[in-house]
Each structure stands twice: as structure tokens, then as C-alpha cells.
Number of protein chains: 2
Amino acid sequence: MKKPFKKLDDSQQYHILTTAMAEFSAHGYKNASTNRIVGAAGISKGLLYYYFENKETLYLSTAEFAYDHFTTHLLSRFTTEAEGFIERLARLSKLKHLYFTQHPEIARFVTHMYYAEGLLERYQSKMQTLREWSMKSMYENVDMTLFRTDIDREMAMKMIGWTFEGYIKEMEQYFEAEGIDFDQVDTYFEQFDGYLDTMRKLYYKEV
Amino acid sequence: MKKPFKKLDDSQQYHILTTAMAEFSAHGYKNASTNRIVGAAGISKGLLYYYFENKETLYLSTAEFAYDHFTTHLLSRFTTEAEGFIERLARLSKLKHLYFTQHPEIARFVTHMYYAEGLLERYQSKMQTLREWSMKSMYENVDMTLFRTDIDREMAMKMIGWTFEGYIKEMEQYFEAEGIDFDQVDTYFEQFDGYLDTMRKLYYKEV
DNA sequence: CTTTACTTTGACCACTCTGGTCAACTTAAT
DNA sequence: ATTAAGTTGACCAGAGTGGTCAAAGTAAAG
């Protein structure tokens with residue numbers, strides 16, 4: 001990353017970097033095309049190389065930006081208040097979902113980083129931190145005594161997690177296919193709360 | 001597909017077609033490389049074009065073979081006997097899992113076909129049949145009265161499905177990372193049955 | 001042996017796309 | 001008018017593409 005790029009508007013930096021992220025997550029580092037990036041970003045080839053020394057630097061700058069953005073916008077915004085496991089995961093899921101709709105390219109690129117191998121080795125310790133954070137944020141200060149005692153807790157937690165994953169995935173597929181209709185975003189949250197109630201009935205002790 | 005290819009051993013046909021499938025599912029039709037295919041299959045470039053008129057025909061032959069193989073090996077092998085929803089889905093999952101371990105390239109290519117758009121339009125009616133079959137095989141002759149009455153059935157079925165998906169996905173990731181150890185395949189099935197018991201406890205009426 | 005028909009090879013072709021450069025041009029500030 | 005920063009797109013060498021084809025190999029028949 002050269003100095004001229006740092007002098008740009010934040011919004012223009014964001015624009016270029018997220019465009020690059022979309023390309024990188026879609027095709028991986030090697031098969032990503034700088035030509036497509038400049039095309040999609042609406043800048044000339046020369047300008048891209050006026051901003052970045054080469055493809056590799058662009059990729060690494062992109063990774064750094066994504067990591068920082070993700071951590072400051074998502075991790076810092078999350079508190080571990082006392083609550084049940086289902087409520088905890090619900091809050092986490094909503095946060096993730098919100099971040100995904102507001103910054104889809106970054107979110108997708110972060111998951112790409114999560115699994116990518118190759119250039120991102122310098123980030124693997126950071127990724128490890130991420131993994132540990134997601135562990136901690138799932139369990140810390142969670143009241144496990146709410147679970148009914150006749151079923152295995154490990155299993156229960158796994159199944160609850162899979163339920164959230166499945167529901168979110170289904171919603172994403174639905175919105176991707178049909179387009180987001182804001183009337184239906186309401187029913188989306190109603191349904192979500194419905195699942196929450198059901199899960200409490202299934203996994204928690206009777207009151 | 002030309003006549004010389006049809007004269008080959010079944011095993012050699014299978015070998016070439018599955019190699020092509022791996023390439024196609026990994027990179028999609030357009031970015032798949034015939035050079036990589038011949039390299040991985042261990043045949044010369046000329047021979048591939050002695051067997052197939054061009055890349056497109058290779059792709060379509062591949063699709064036809066995959067579809068036929070999948071339907072005859074999986075669909076035909078499945079019966080809709082009377083049972084509960086959990087047991088039905090467990091059988092379906094085990095079948096899928098078995099097919100996936102025995103014919104991974106075909107399985108992956110079929111999922112590729114499921115979502116691919118472009119050349120496979122002639123197959124979309126067949127894909128629709130597949131979709132209908134998977135609906136039918138999930139519900140036909142299933143005893144729904146086993147469910148407890150205080151939770152929504154639709155939700156219950158969804159959540160059960162997500163649990164199976166999640167468990168299978170986790171197992172695949174584990175086996176991919178650690179390699180398949182046959183001692184652990186046993187514990188795999190024990191665990192699976194454990195989840196079945198738990199699910200019955202969660203979703204079925206008490207006996 | 002020779003001939004004939006079927007297989008198989010890999011060098012080769014024209015073409016597209018790649019990451020990256022750079023002289024020329026525009027814009028803004030002095 | 002001068003200088004410096006910003007921006008363009010034609011251009012390059014190289015890699016990889018789908019596809020061809022003369023040549024070589026193989027096996028059976030006469």
C-alpha cells in the first residue's frame with residue numbers, strides 16, 4: 001500500500017478494498033483478476049498500481065483492513081452478560097447476521113481468511129485469537145443450569161448451534177433468491193423468536 | 001462422446017469421468033482445464049479428444065453419467081417404510097454419507113449440478129424430479145403422531161434436519177482434517193445413535 | 001513379413017487473459 | 001507558467017486455453 005492510497009477518502013478506500021475482497025473471496029488469491037477488480041471498482045489499471053505495489057500487497061492490505069474492521073465492529077460490540085446458552089447464541093447470531101447484511105464483502109472475505117492457506121500465514125495467530133474469542137463468547141458467563149438434566153449438555157449445545165446455523169443459512173438463501181422485502185424482515189424476526197421459544201421448551205427445564 | 005469411449009472398460013470410463021467431475025466441481029465448467037483433466041487422468045490430450053468431440057460434450061456426458069449413477073445407486077436403494085421422522089432422516093443421512101464416502105467425486109458433482117446454471121438446462125427437469133424425490137422420501141409414510149404436541153411440527157422437522165446436517169458436516173470436517181481412522185468410525189456411529197436417542201427424548205412424546 | 005485398422009502421443013496453433021509498466025495526459029496548487 | 005500529484009489505457013512478455021494432427025505404437029488378419 002503506497003501513500004497516495006492512504007490519502008483517499010475513507011469511503012473510496014472502503015470501496016476499492018471491498019471490491020477487491022469480493023474478487024478474492026470469489027476466486028481465491030491466485031485466480032483473482034486485477035483486471036476484473038479495476039473494472040468493478042471503476043478505476044484504471046494504472047491507478048491500482050499507483051495505490052498498491054503489486055497483487056500480493058493488495059491482497060495483504062485487504063486482509064489487514066478486513067480483520068481490523070471485523071474485530072472493531074463485531075468483537076468490541078459484544079458483551080458477555082449473564083444469560084442462558086440459547087439467549088447467548090441468539091444474540092451472537094443476530095450480531096453476525098447484522099454484520100453480514102451491512103458488510104457482506106468483508107464478512108465473506110473473513111470467512112475466506114479463516115480457511116485460506118498460503119499468503120495469510122502471518123495472520124494465523126490473529127485467526128487463532130478469533131477462534132479463541134468465539135469460544136469464549138459462546139460460553140463465558142453462561143448459565144448452564146437452565147438445561148434439563150436428562151439430556152447430555154454437550155449434545156444440547158451442539159444441536160442448538162446447528163439450529164441457528166441452519167436457520168440463518170435458510171434465511172440467507174431465501175433472501176438471496178427472492179430479494180429482501182422489508183415486510184418479511186419482520187416475519188423473519190418473529191419466526192426467529194418462535195424458534196427461540198421452541199428451543200427453550202426443548203432444552204430447558206420446565207418452569 | 002464417441003464410440004471408442006463406449007468400448008472402454010467400465011472402470012476406465014469411470015476413472016476418466018470421475019476425474020473430469022473433480023475438475024468441473026472444483027472450478028466450474030468455464031474455468032475447468034482439459035489439460036489438468038488429462039494430467040490427472042493419466043492420458044494424453046489427443047486421447048481425450050479421441051473420446052469426446054469437445055469440452056462441452058465431455059461436460060454433458062459427465063453430467064449424464066453422474067445423474068444416472070446417483071439415481072440408480074441412491075434413489076433406487078431407498079424404501080419408504082413406516083417409521084418416525086427422526087428414524088427416516090437417520091436412514092437418509094446414513095445412505096447419503098455412505099454414497100459420499102464411496103463416490104465422493106460423483107456426489108460433489110451432483111451437488112454442483114444442483115446449483116449450476118448454464119449448460120445444464122436440459123437437466124433441470126431431472127433436477128426437479130430429484131428435488132421432488134427428496135421431498136417425498138422425507139415425508140412419505142412417516143408417522144407424525146410421535147411428535148410431542150406442545151411444539152410446532154414444522155419447526156421440529158426443520159430443527160431435526162439441521163441437526164443431521166450439522167453432525168454430518170462436522171464429521172466430514174473431522175475426517176478430512178485427521179484422516180479416517182477405522183477405530184473412530186465405530187465411535188462415530190455410537191455418537192450418531194446417541195444423538196438419535198437425544199432427539200427422540202427432545203421431540204417425541206414420552207412413552 | 002506386410003497390410004490394415006484402431007489407439008495413443010505430444011508438439012503445435014491461434015487465441016485469451018494474466019500481472020505489471022510507462023509515456024502521455026489531466027487536474028489542482030502555487 | 002511551473003510544478004507536482006493523480007489518472008489513463010495501450011502495451012508487454014509470459015502463461016494457459018481448447019483443439020488439431022502428423023506421426024508413432026499396437027494388434028490382428030492375410
Side-chain angles (χ1 to χ4, degrees), chain A residues 1-64 109 112 116 118-120, chain B residues 1-64 109 112 116 118-120:
Chain A
M1 188 193 308
K2 304 181 186 170
K3 316 110 214 173
F5 184 73
K6 293 174 190 158
K7 283 199 262 175
L8 291 179
D9 291 353
D10 280 3
S11 71
Q12 180 68 352
Q13 290 193 23
Y14 181 92
H15 170 65
I16 292 173
L17 289 175
T18 49
T19 310
M21 283 180 210
E23 176 72 15
F24 283 129
S25 348
H27 301 94
Y29 173 71
K30 193 156 194 190
N31 293 324
S33 158
T34 53
N35 290 316
R36 280 195 297 256
I37 292 175
V38 297
I43 63 174
S44 70
K45 190 75 173 290
L47 194 50
L48 181 70
Y49 283 89
Y50 180 60
Y51 290 151
F52 301 91
E53 24 278 297
N54 52 38
K55 193 185 180 183
E56 182 177 337
T57 318
L58 169 62
Y59 184 65
L60 292 175
S61 308
T62 277
E64 192 163 328
F109 189 78
H112 158 82
L119 281 175
L120 293 176
Chain B
M1 189 193 308
K2 304 181 186 169
K3 314 112 216 171
F5 184 74
K6 294 175 191 157
K7 282 198 263 177
L8 291 179
D9 291 354
D10 279 2
S11 71
Q12 180 67 351
Q13 289 194 23
Y14 181 93
H15 169 64
I16 292 174
L17 288 176
T18 50
T19 309
M21 283 180 210
E23 176 71 16
F24 282 129
S25 358
H27 300 95
Y29 172 71
K30 193 157 193 189
N31 293 323
S33 158
T34 52
N35 290 315
R36 281 195 296 257
I37 293 175
V38 297
I43 62 175
S44 70
K45 190 76 173 291
L47 194 52
L48 181 69
Y49 283 88
Y50 180 60
Y51 290 151
F52 300 92
E53 25 278 297
N54 52 37
K55 193 185 180 184
E56 182 176 337
T57 319
L58 169 63
Y59 185 65
L60 293 175
S61 307
T62 278
E64 192 164 327
F109 189 77
H112 158 82
L119 281 175
L120 293 175

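Every chain is numbered from 1, with letters handed out A, B, ... down the list of sequences. Note that the structure is a prediction, hence the values are computed from the model and not measured.
- Judged by distance alone, with hydrogens and angles left aside, the side-chain atoms of B/Asp9 form no donor-acceptor pair with the main-chain N or O of B/Ser11 at under 3.5 Å.
- The shortest side-chain heavy-atom distance between A/Gln12 and A/Ile43 falls under the 4.5 Å cut-off.
- Remark: nothing in residues 2-20 of chain B comes within less than 4.0 Å of DNA chain D through any heavy atom.
- Of the side-chain N and O atoms in B/Tyr51, none sit less than 4.0 angstrom from OP1 or OP2 of C/dT7.
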Exercise. How does DNA chain C look in dot-bracket notation if pairs are Watson-Crick or G-U with both distances under 3.5 Å, crossing ones as [ ], other-strand ones as |?
Worked result: ||||||||||||||||||||||||||||||
For this session: Could you check B/Leu58 against B/Phe24 for side chain to side chain contact (heavy atoms under 4.5 Å, CB included), going step by step and ending with a plain yes or no?
Result: CA-CA 10 Å; B/Leu58 169 63; B/Phe24 282 129; 4.1 Å; yes
N/O to N/O distances under 3.5 Å, protein versus nucleotides 25-28 of chain D:
none

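- For A/Tyr50, no side-chain nitrogen or oxygen approaches OP1 or OP2 of D/dT7 to under 4.0 Å.
- Scored by the side chain to side chain donor-acceptor pair (under 3.5 Å) test, A/Tyr50 finds no partners at all (sequence neighbours excluded).
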Problem set entry | Annotated protein contacts, base or backbone, on nucleotides 11-30 of chain C with a non-hydrogen cut-off under 4.0 Å, one of B, S, - each | -------SBBBB--------
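- With sequence neighbours excluded, the residues that form a side chain to side chain donor-acceptor pair (under 3.5 Å) with A/Lys45 are A/Asn35.
- At a threshold of 4.5 Å between non-hydrogen side-chain atoms, the residues A/Tyr59 and A/Leu120 count as touching.
- Atom NE2 in B/His27 sits about 13 Å away from atom C1' in D/dG16, given to the nearest Å.
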